Amino acid sequence: MLKIATFNINGVRSRLPALLEWLDREAPDIACLQELKAPDAAFPIDEIRAAGYGAIWHGQVSWNGVAILAKGMEPIESRRGLPGDTGDTHSRYVEAAAHGVLVGCLYLPNGNPQPGPKFDYKLAWFERLIDYAARLHDSGHPVVLAGDFNVVPTDEDIYNPKSWLKDALLQPESRECYRRLLDQGWLDSLRARHPAERIYTFWDYFRQHWQKNSGLRIDHLLLNPQMAPHLKDAGVDRWVRDRPHASDHAPTWISVDLKVQKQPATQKAAADKPAAKKAAAKKTAAKTPAARPRRAKPAG
DNA sequence: ATGCCTTGAACATCAAGA
């Protein structure tokens, strides 16, 4: 079983004790981090290695910054930065292979205030993500696209949409982009695993929102068709948010079982005969869970 | 409409987060 997590850490240096405590206690095999808020040279690689993790990171002074950690191995970097705009200097995307999975770690722009140039940047970045994600989706590898998407997908993903109506995270344009991304065939794993539950991954620092559980679901792990059938469980490590000086996000995770189920030799031999092959294919199709995400209901 | 709270930059107050 493989545990894959995403965690907007909101400052990797100021939150290093929290990160190490979480890694020690939850031991994710792969951890995507966002909002490092540190330049490359200040990334605490020594402490992370001492905790048993290899890492790649794409830092930036003061803001943004993303990293991928892998337990007991060095992630093999396959990309840093989204294609489509060479003038974009924000560190918001990094990608690596680890433990047999291709992992895209992203920090989508917040987009506030909207309307305005920051919202335009958010939507433009989203379009680049949608374009690139299509390639990932069709890569043939098991892929997870994980991170802080800065989108509340539906009104079921926030404590009270009325308070946030003007916020960039709830705008129809933001939600439309997210839906278009899912419609490529990605599975929203948290929602798939818990179809009818309130799940939050972020609680802002204002108005005692954590204490009141006034949260938003904005950290997502999307799975392509090579990955989705292996999903076993998903959740949020809420205890991390309850610690003193916590990030405003909590780590969000899935577990997947990628082990190939070996067929008994006799069954395998039988499967080579055309008639049996056809029956086996039919059986497989019937057993495969719906990989397509359900369409979000129109808001309102 | 704005602040609330928190970080990182630089050292009093910003910019930015969501």
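Every value quoted in this text rests on a predicted model; they were computed, and no experiment measured them. Lettering of chains follows the sequences in order, A, B, ..., and the numbering in each one begins at 1.
An OP1 or OP2 oxygen of B:dA9 is reached within less than 4.0 angstrom by a side-chain nitrogen or oxygen of A:Arg13. For A:Asn10, no side-chain nitrogen or oxygen approaches OP1 or OP2 of B:dA16 to under 4.0 Å. Under 4.0 angstrom from either OP1 or OP2 of B:dG8 there lies at least one side-chain N or O belonging to A:Ser14. A:Lys166 has no side-chain polar atom (N or O) that falls below the 4.0 Å cut-off from OP1 or OP2 of B:dA18. Considering only side-chain N and O atoms, A:Arg15 lies under 4.0 angstrom from the phosphate OP1 or OP2 of B:dT7. Neither OP1 nor OP2 of B:dC5 sits under 4.0 Å from any side-chain N or O of A:His209.
Atom NZ of A:Lys37 and atom C1' of B:dA10 are 15 Å apart (whole Å). Atom P of nucleotide B:dT6 and atom CZ of A:Phe202 are separated by 12 Å, given to the nearest angstrom. The interatomic distance linking A:Ile9 (CD1) with B:dG17 (P) rounds to 18 Å, in whole Å. Summarising the geometry, the separation between CG on A:Leu169 and P on B:dG17 is reported as 11 Å, rounded to the nearest angstrom. The distance between atom CD of A:Gln171 and atom P of B:dA18, rounded to the nearest whole Å, is 16 Å. Atom CG in A:Leu216 sits roughly 10 Å away from atom P in B:dA18 (whole-Å rounding). Atom CD of A:Gln60 and atom P of B:dG17 are 11 Å apart (whole Å). In this entry the distance linking CG of A:Asn150 with P of B:dA16 reads 15 Å, nearest Å.
An aromatic stacking contact links A:Phe206 with the base of B:dC4, defined here by ring centres under 5.5 Å apart and ring planes under 30° from parallel.
Taking atom C1' on both B:dC11 and B:dA1, the two are 31 Å apart, rounded to the nearest angstrom. On the P atoms, B:dT2 is 27 Å away from B:dA12, given to the nearest whole Å. Nucleotides B:dC14 and B:dA10 are separated by 16 Å at their P atoms, to the nearest Å.
Using a 4.0 Å heavy-atom distance criterion, A:Asn8 is classed as a sugar-phosphate-only contact. A:Asn64 comes within contact range of no nucleotide atom at all, as no heavy-atom separation falls under 4.0 Å. Counting non-hydrogen atoms under 4.0 angstrom, A:Asp204 reaches nothing in the nucleic acid. Note on A:Tyr107: only backbone sugar-phosphate atoms sit closer than 4.0 angstrom, heavy atoms only; bases stay farther off.
A cation-pi contact, defined as under 6.0 Å to the ring centre and within 45° of the axis, is absent between A:Arg241 and A:Tyr200.
No side-chain donor from either of A:Asp248 and A:Trp203 sits under 3.5 Å from a side-chain acceptor of the other. For the residue pair A:Gln171 and A:Trp164, no side-chain donor N or O sits within less than 3.5 Å of a side-chain acceptor on the partner. Counted by atom type alone, A:Asn150 and A:Tyr107 present zero donor-acceptor pairs between their side chains at under 3.5 Å.
Ranked by how close their nearest DNA chain B nucleotide is to the 5' end, A:Arg207 and A:Asn110 are led by A:Arg207. Residue-to-nucleotide proximity on DNA chain B shows that, of A:Val12 and A:His90, the 5′-proximal contact is made by A:Val12.
Remark: A:Asp29 engages A:Lys71 in a salt bridge, criterion side-chain N to carboxylate O under 4.0 Å. Under a 4.0 Å N-O distance rule, the pair A:Asp188/A:Arg217 qualifies as a salt bridge.
Taking only side-chain atoms of A:Pro39, from C-beta outward, the nucleotide of B:dG8, B:dA9, B:dA18 with the closest atom is B:dA9.
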